[in-house]
Protein chains: 2
Amino acid sequence: MDQRHDQIEGNSEPSHSFGQVSHLALDIGGTLIKVVYFSTSRDDCIDHEGDSSANNTLGVSKSGKHILEGRLHFAKFETRNINDCLEFISSKKLHLGGFQRCRNLAKDKNLIKATGGGAHKFAELFREKLGIDLDKEDEMDCLVAGANFLLKAVHREAYTYVGGEKEFMQIDQNDLYPYLLVNIGSGVSMIKVDGDGKFERVSGTNVGGGTFWGLGRLLTKCKSFDELLELSYRGNNRVIDMLVGDIYGGMDYSKIGLSSTTIASSFGKAVSDYKELEDYKPEDVARSLLRMISNNIGQIAYLNALQFGLKRIFFGGFFIQGQPYTMDTISVAVHFWSKGEAKAMFLRHEGFLGALGAYVSYAKNRLDDLVCNESIQIPVSASYAADPKYNPRNADLNDNESMQCSVYTA
Amino acid sequence: MDQRHDQIEGNSEPSHSFGQVSHLALDIGGTLIKVVYFSTSRDDCIDHEGDSSANNTLGVSKSGKHILEGRLHFAKFETRNINDCLEFISSKKLHLGGFQRCRNLAKDKNLIKATGGGAHKFAELFREKLGIDLDKEDEMDCLVAGANFLLKAVHREAYTYVGGEKEFMQIDQNDLYPYLLVNIGSGVSMIKVDGDGKFERVSGTNVGGGTFWGLGRLLTKCKSFDELLELSYRGNNRVIDMLVGDIYGGMDYSKIGLSSTTIASSFGKAVSDYKELEDYKPEDVARSLLRMISNNIGQIAYLNALQFGLKRIFFGGFFIQGQPYTMDTISVAVHFWSKGEAKAMFLRHEGFLGALGAYVSYAKNRLDDLVCNESIQIPVSASYAADPKYNPRNADLNDNESMQCSVYTA
């Protein structure tokens, strides 16, 4: 499967009504580029300059601010295929900023919010190819801002995953902090969040999504992250993992609380089997790898939560992708190690924390002339539009998805 | 290279003077069998029954106890080649117990101390092939007893590894506890040790020596653990690991203290390189794997030491093998995460903690009639015999090695 092509096709025929665009924001990671942008409905902009009508896209809130109704859109690309991302932005004119064309042309219209290491690495490329300057926002700032945005503004965003079931949690805004944010991108960052803009990156690990994908590619020859996830969904890790029972002749090691089915050593059976890589099924290899990495992240997250007395751990980042097995392993690890004291929670828009953080940073900086005196506030009425049923290939992938959203303008 | 053959050859021509043997003890793990046994010098036993002569092997201590001079021997075998181990024991008559033949034949002469899961799994095999019963000792009990034995009794046993240099530490016996013992076998156990026989297994991870060897075999096709280690010694992990600088265009992410050379994602470059496994050098793959696992264990160990306020972490288990790069990575991880507060320490006989623990458990149980009324005390005069210079293939492997040792007999 050619993911590059998939991405383009998927994005070139959007199912939503597509109008003016503003606030393109980018999170350019080591492996993926995440894109967020806002659009109003088609043909609703030019005629409503300054208008206020409850029936139109641009309305007026009780506080007297203008409300722009529309949708937040999400897309992602592989960083190694960055040209696809540039084409996508160019073809949709995302970089030109819809509002400017509606209202007045801002002199700084070519300044686009971007975060992630690629905002530094590829700044020159964006200038050359699209004529835009990347306005760099700190990566951790954006992750936290994105997570706080989702947790406060978006209905049915956070959920636990227990026994194969998602349970959505309504987070009490007064009881949100402190929490541990674990963002699993190529690597993993663990951030203690104490409030809006109040946080500390307390830990991390280099065993993350890039490790799963990278090692997985080498071991299974699969062509994409989705394919690797699908493989893992069908595999059996016990073929390659050494279980406690494999060492103890089928017995538990009950004295220290290890059952015979506990994994003693990931990939440990590959030592004693007289087998080569080709003799194992790729799906079993993928499964062992996914379990190893998910479990490891869950454990390190728990140990950090314990250190700081945090009861809630939110897991984000592209690695998770709403994958049941990933979430189950992480949830079980946190539950096991914390003896039920700490809880793993997941976010529907897990992969877009950084990009959303960059998006809401337009408001922070009050770039009035850029965005036509508009300042974004958290769209409290935002609701999530789609609820795709689980599908191993496309489960909650969140690319090409969008959510309904109101933007308040000054 | 056929390690099985190596093992047999190495063990079949011992360089030491070989006499009567007693106290065979086994640690049968998921991947390796570790063997410890004591021997007096050749031809020194039968004539000295009850004798006391300072010039003979059997002397008398100041306390009036008999002292038997001899050597502790160490050997290891792959668990999948358990028949080699049985042959070795049989050919050397280790299972018959030298002292019994010297003094009086004990009715329980066929009871041999053994620990590790294989003491359960292979009990029947030992009974069938050698006519011996394995007297099972708990694995954690043995690891702790073995570590305490080494730390108290053996000169120049514990050392730190900083900047490529071993620094031996004389441990103050009154300031030994508490410490964290991290045993890296197929899997990893982390044990908080508070005294002799006083301990708790507080954590562990399934990413251990079996993972390194198992994944390493699949990725590099190498035939043995030593070969894999040698490969890693020659490799460069930056070829496959995604560094912070790879994401940030060569820059540090200094705001959160990550330099451009920090590994952001182990194996992360394998995502974006258009390369197959065959396109990477096996030594680079081995190096990345070793670094990933060493770093991960160091981090989890530190987090546990932090939780319990432990300043000293002793690392044991066959994974380490005195390998400079392994020890360096673990040391740096502990130093980095603890900001210099905690210290990683290593043990010369790292791979034999469990077997040594099983060995000293002969004394614990006072199996008087089995071992001719002999009770073992810690041989305070024990000293380590050899000091091999570093050699990537055989560095401190400790198999086929021995140490001088005195056994006190009642």
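Order of the sequence lines sets the chain letters (A, B, ...), proteins ahead of strands, with each chain counted from 1.
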Is the backbone of [Y] close enough, under 3.5 Å, to the side chain of [X] for a donor and an acceptor to pair up by distance?
X      : Y      : answer
A:R217 : B:K275 : yes
B:Q299 : A:S203 : no
B:E139 : A:Y253 : no
B:K121 : A:D246 : yes
B:T211 : A:S266 : yes

Report the option among [options] that has the most heavy-atom pairs separated by less than 4.5 Å from atoms of chain A.
options                        : value
B:I240, B:L277, B:I263, B:V271 : B:V271
B:G209, B:G30, B:A119          : B:G30
B:E278, B:R291, B:E200, B:K255 : B:K255
B:A264, B:G268, B:G187         : B:A264

(request) Flag yes if more than 12 heavy atoms outside B:R80 fall under 6.0 Å of its CZ atom; otherwise flag no. (result)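 More than 12 within 6.0 Å, yes.
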
(message) In the structure I gave you, are the side-chain heavy atoms of B:Q307 and A:Q307 within less than 4.5 Å of one another anywhere?
(response)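 Not in contact.
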
(request) Measure the shortest side-chain to side-chain distance between B:N296 and A:I300 over non-hydrogen atoms and say whether it is less than 4.5 angstrom. (result)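 Yes - at least one pair of side-chain heavy atoms lies under 4.5 Å apart.
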
(message) For a quick check under 3.5 Å, do B:S265 and A:N206 share a side-chain donor-acceptor pair by atom type?
(response)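 Note: B:S265 and A:N206 side chains miss the donor-acceptor criterion.
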
(message) If I compare all heavy atoms of A:N81 with all of B:Y274, which pair ends up nearest, and what's the gap?
(response)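 Smallest interatomic distance, heavy atoms only, reads OD1-OH, 2.9 Å.
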
In terms of heavy-atom proximity below 4.5 Å to chain A, should [X] be classed as side chain, backbone, both, or neither?
X      : value
B:F122 : neither
B:M251 : side chain
B:L215 : both

(request) Measure A:D241 against the heavy atoms of chain B and call it side chain, backbone, both or neither at under 4.5 Å. (result)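 For A:D241, there is no contact with chain B at all, as no heavy atom is under 4.5 Å.
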
(request) Quick one: which of A:S272, A:G116, A:G257 has the most heavy-atom pairs under 4.5 Å with chain B, could you say? (result)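 Going by pairs under 4.5 Å, I would pick A:S272.
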
(request) To the nearest 0.5 angstrom, please state how far the OG1 atom of B:T79 sits from the CD1 atom of A:I247. (result)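 Output value for this atom pair is 9.0 Å.
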
